[in-house]
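All chains are named by letter (A, B, ...) in the order of the sequence lines, taking the proteins before the strands, and each is independently numbered beginning at 1.
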2 protein chains.
Amino acid sequence: MHSETTLPRLARALAAVCGPVRETDISASQQAGYRISGALKLLSDALAPARRMLHAGDVIYQAGEQFGNLYILNSGLVKIVNLSVDGRQQVVGLNFRGDWLGFDGIAHGRYSCDAVAIDTGEVWVIRYDALLVACAVQPALLALLHEAMSREIGRDRDALMSVCTLPADARVADFLRSWAQSQADGGMRTDEITLRMTRAEIGNYLGMTLETVSRSLSKLARDKVIAFAEKGRRNVRIPDVEALSAFVQRCLTPVPMLQ
Amino acid sequence: MHSETTLPRLARALAAVCGPVRETDISASQQAGYRISGALKLLSDALAPARRMLHAGDVIYQAGEQFGNLYILNSGLVKIVNLSVDGRQQVVGLNFRGDWLGFDGIAHGRYSCDAVAIDTGEVWVIRYDALLVACAVQPALLALLHEAMSREIGRDRDALMSVCTLPADARVADFLRSWAQSQADGGMRTDEITLRMTRAEIGNYLGMTLETVSRSLSKLARDKVIAFAEKGRRNVRIPDVEALSAFVQRCLTPVPMLQ
DNA sequence: CGTAAATTTGATAGTGGTCAAAATTCGTGG
DNA sequence: CCACGAATTTTGACCACTATCAAATTTACG
């Protein structure tokens, strides 16, 4: 599947990633942490948004509902569920601290998916029209908004690429890696994460069955890339995030081409 | 994979789709056509953007390149190719007339993917900072921009859902359906489409191999859902777009549950 | 018109889905 | 705090869909 142009393209990709910001080292994580804290402070000061407490299962907005608000997640965890006309439903996104919710509603005046909390937390409610007014006065707000939408587009594309190009085991590993990254960006610990989703939900998000998720997790634990906490198998210890990336690499090169 | 809550959710999904705008009937297509024409006129009048001719293979922007411009496709066809650090590459989007390009660059100051023309056409080049200035004066421009970003997010999620929930045959059918829809929205004929991509590119976009794409197309032709034009197998005739949707449905219900 | 690329089709193999059963965990009330 | 039933998770066996490999055919293009 790798074309003959892979190498120069890889070089460009590396240049892109290693240019202004490294995504994986500690300073970058802290930068992300500051980015998020700063953004939240700016929003809070400029708009004094209403705050809403969330509990697992709470619906923030629903597909079909009239659009009017954007939301910013201050804490907790939210899943985005897309619905098709024929009844298929799928988790198409996960949101952590600092993420915006509701962009999908702007285009058609109605939200096109459900946003459901899967952990206790807090969202800030921002009226879209009020935000636009504030943006006119304070361009930094507009920059923030566009940055968030842009990042969302990038994340969605990365998710598509993951589903299309990685085998099941690697997809699960990559999922854990990006979860840990999001935790780090939000200023939370990254060595142990608590999956607030069932295997079925994870599988739905990753495009595989719950059995495959379970098998992949078992394999990751067998390979010592992750470990389960003593109580409950929803707590995953990640001794080394790099090991997860390495595992993904290994899946992509089954035979190291010993020549 | 369908939970016990499918039915009420389906009802909501239907309400969402059938609410303000029907996506599939003729009037909606014409609305979309007007929407695009109107948007292009507004942009042209407000910004008098530079115009750039495109030929197949031309690169509009590259991953890693400094962000500065957004682009609007006036005609032609552009593919968006995402790159991963480890060399994987994947088509993550296709753009038609009226679509915006370059949103992915806003977040990090550099584009994160390649935009490559796959047909002759024309893009309009818009400096992002100039656009923001113009938006301050003319709020309709800002609305246009946000609408485009929102639609992009929705499309990316739909693509993810398609890859995750549909078998290969249905994915190809759905791909043709959405291509025809995009053509219709751009004011072009929808009964015959010319795939400007190789089977390998289509497969890459849909997360399958080129052989599977070929087999699926053969099956669609055998089932009379599509037909190949006499000259060249890249021209696909679609006698009835609804038949493509029906085919997707059939794939989802292998046995009609004859009770 | 000839060569290289793209496409189709067939044969075979493997990843991941499906079905099933056992084990573990969770939620709730005694 | 413990017990019990429901839900979740794990693991195994089997099979289907799709990938892989290969060869023949068609198409594109210099």
Let me know the distance between [atom1] of [X] and [atom2] of [N], rounded to the nearest Å.
X        : N      : atom1 : atom2 : value
A/Ile202 : C/dG16 : CD1   : C1'   : 17 Å
A/Arg199 : D/dT10 : CZ    : C1'   : 9 Å
B/Leu206 : D/dA19 : CG    : P     : 11 Å
B/Phe228 : C/dA6  : CZ    : C1'   : 13 Å
A/Asn235 : C/dT24 : CG    : P     : 18 Å
A/Lys219 : D/dT10 : NZ    : P     : 16 Å
A/Met208 : D/dT18 : CE    : C1'   : 16 Å
B/Arg196 : D/dA28 : CZ    : C1'   : 14 Å

Check: So, B/Asp104 side chain and B/Ala63 main chain: donor-acceptor pair closer than 3.5 Å or not?
Finding: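 Pair absent, no side-chain N/O of B/Asp104 close to backbone of B/Ala63.
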
Notebook entry, point to check: Has the side chain of B/Asn82 got a donor or acceptor atom that lies under 3.5 Å from a matching backbone atom of B/Gln90?
Noted result: no

Margin query: Using a 4.0 Å heavy-atom cut-off, does A/Leu210 contact any base of the nucleic acid, only the sugar-phosphate backbone, or nothing at all?
Written below: base

Notebook entry, point to check: With a non-hydrogen cut-off below 4.0 angstrom, is B/Gly203 in contact with a base, only sugar-phosphate, or nothing?
Noted result: nothing

Next item on the list: Respond yes when some side-chain nitrogen or oxygen of B/Arg233 is under 4.0 Å from OP1 or OP2 of C/dT8, and no when none is.
Entry: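 So the side-chain polar atoms of B/Arg233 do come within 4.0 Å of the phosphate oxygens OP1 or OP2 of C/dT8, strictly under.
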
Checklist line | Short side-chain N/O contact from B/Ser218 to OP1 or OP2 of C/dT9, under 4.0 Å | finding: yes

Next item on the list: Determine whether the side chains of B/Thr194 and B/Arg234 contain a donor N or O and an acceptor N or O closer than 3.5 Å.
Entry: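 Judged by distance alone, the side chains do not pair up.
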
Notebook entry, point to check: Will you find, in the side chains of A/Gln62 and A/Asp114, an N or O donor that is under 3.5 Å from an N or O acceptor?
Noted result: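 Note: A/Gln62 and A/Asp114 side chains miss the donor-acceptor criterion.
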
Check: What's the closest nucleotide to the B/Thr212 side chain, out of C/dG17, D/dT10, D/dT18?
Finding: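 Nearest listed nucleotide: D/dT18.
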
Next item on the list: Could you please name the option among D/dT8, D/dT10, C/dT8 that lies closest to any side-chain atom of A/Arg234?
Entry: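 Nearest nucleotide to the side chain: D/dT8.
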
Next item on the list: Could you check A/Glu211 against B/Thr198 and say which one's nearest nucleotide on DNA chain C is further toward the 5' end?
Entry: B/Thr198

Margin query: At less than 3.5 Å, do the side-chain atoms of B/Arg215 and the base atoms of C/dG10 form a donor-acceptor pair?
Written below: yes

Next item on the list: Quickly, which of B/Asn95, B/Leu54, B/Val125, B/Asp99 forms a side chain to side chain contact (heavy atoms under 4.5 Å, CB included) with B/Tyr71? Name it, please.
Entry: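 The option that passes is B/Val125.
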
